[in-house]
Amino acid sequence: MNAFSVTLPSGATWTPTFVAGLDETKCIGCGRCFKVCPRGVLELVGLTEDGERIGIDEDDDDDDEYERKVMTIAHQALCIGCTACSRICPKKCYTHAPAQA
């Protein structure tokens, strides 16, 4: 199968790459990627000591339930291939791949 690509008005070909994975072991939960994502693809969750994911209520200050925060790919199908998340990530947690046509 060929990768999906677009011919730009200049005649150049652009192959968008969409979010394919996120390395949660590298993620520090800073939220930078969440803030730049224009489509709501990402979600911040808490991880317990056992690695169980739990939702985070931003209005609740009780951080005792989770050990640390990490970003997750919550709505991968909404990704438009802009790669803003990976460009702003200080830990380089993201991988992207072209869509198959």
Side-chain angles (χ1 to χ4, degrees):
M1 263 184 166
N2 295 333
F4 170 77
S5 62
V6 176
T7 302
L8 303 174
S10 66
T13 301
W14 174 60
T15 303
T17 56
F18 301 91
V19 67
L22 190 159
D23 186 345
E24 291 181 5
T25 61
K26 290 182 180 179
C27 181
I28 58 173
C30 68
R32 292 177 187 172
C33 54
F34 179 82
K35 291 176 184 174
V36 300
C37 180
R39 301 286 298 176
V41 174
L42 308 170
E43 182 177 298
L44 192 63
V45 297
L47 287 181
T48 65
E49 289 180 10
D50 299 330
E52 179 184 345
R53 293 179 188 206
I54 55 174
I56 296 176
D57 183 4
E58 293 298 328
D59 297 330
D60 188 11
D61 291 337
D62 186 19
D63 293 343
D64 296 337
E65 295 179 24
Y66 54 85
E67 186 71 24
R68 66 186 191 101
K69 296 177 185 179
V70 296
M71 198 58 62
T72 62
I73 301 170
H75 306 284
Q76 189 172 20
L78 296 178
C79 180
I80 59 172
C82 70
T83 67
C85 56
S86 64
R87 287 184 279 136
I88 201 161
C89 180
K91 297 297 183 178
K92 307 299 178 206
C93 298
Y94 289 90
T95 56
H96 288 77
Q100 298 301 310

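Excluded from the calculations below are hydrogen atoms, water molecules and symmetry mates; all remaining heavy atoms, backbone and side chain alike, are included. Positions are given from 1 along the sequence.
Looking at heavy atoms from C-beta onward, Cys93 lies out of side-chain contact with Met71 at the 4.5 angstrom threshold. Contact check for Cys85 versus Val41: no side-chain heavy atoms found under the 4.5 Å cut-off. Residues Leu42 and Ile73 meet the side-chain proximity criterion, which asks for heavy atoms closer than 4.5 Å. Using a 4.5 Å heavy-atom threshold, the side chains of Tyr66 and Leu47 count as separate.
Leu44 and Ile88 are not part of a single hydrophobic cluster, where members link through side-chain heavy atoms under 4.5 Å apart.
Distance alone, capped at 3.5 Å, places no donor-acceptor pair between the Arg39 side chain and the Ala77 backbone. Although no hydrogens or angles enter the test, the distance criterion places no donor-acceptor pair under 3.5 Å between the side chain of Thr95 and the main chain of Ala20. Side-chain N or O atoms of Gln76 include one that pairs as donor or acceptor with a backbone N or O of Val19 at under 3.5 Å.
Under a 4.5 Å side-chain heavy-atom criterion applied to ILVMFWY residues, the cluster that includes Ile28 comprises that residue alone.
Smallest separation of non-hydrogen atoms from Arg68 and Thr25: NH2-CA, 4.0 Å. Between Ala74 and Glu43 the shortest heavy-atom distance is CB-CB, 3.6 Å. The nearest pair of heavy atoms linking Ser5 to Thr15 is CB-OG1, 3.4 Å. Leu22 approaches Cys27 most closely through the heavy-atom pair CD2-CB, 4.3 Å. Nearest heavy atom pair, residue Ala99 against residue Phe18, reads CB-CE1, 3.6 Å.
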Worksheet entry | Audit row: Glu24, Arg53, salt bridge (charged side-chain N to carboxylate O under 4.0 Å, His left out) steps and yes/no | CA-CA 11 Å; Glu24 291 181 5; Arg53 293 179 188 206; 2.5 Å; yes
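Distance check, rounded to the nearest 0.5 Å: CG of Asp23 to NZ of Lys92 gives 13.5 Å. Of the inter-residue distances, the one linking Cys37 atom SG with Ile80 atom CD1 reads 7.5 Å to the nearest 0.5 angstrom. Between atom NE2 of residue His96 and atom OG1 of residue Thr83 there is a gap of 5.5 Å, rounded to the nearest 0.5 Å.
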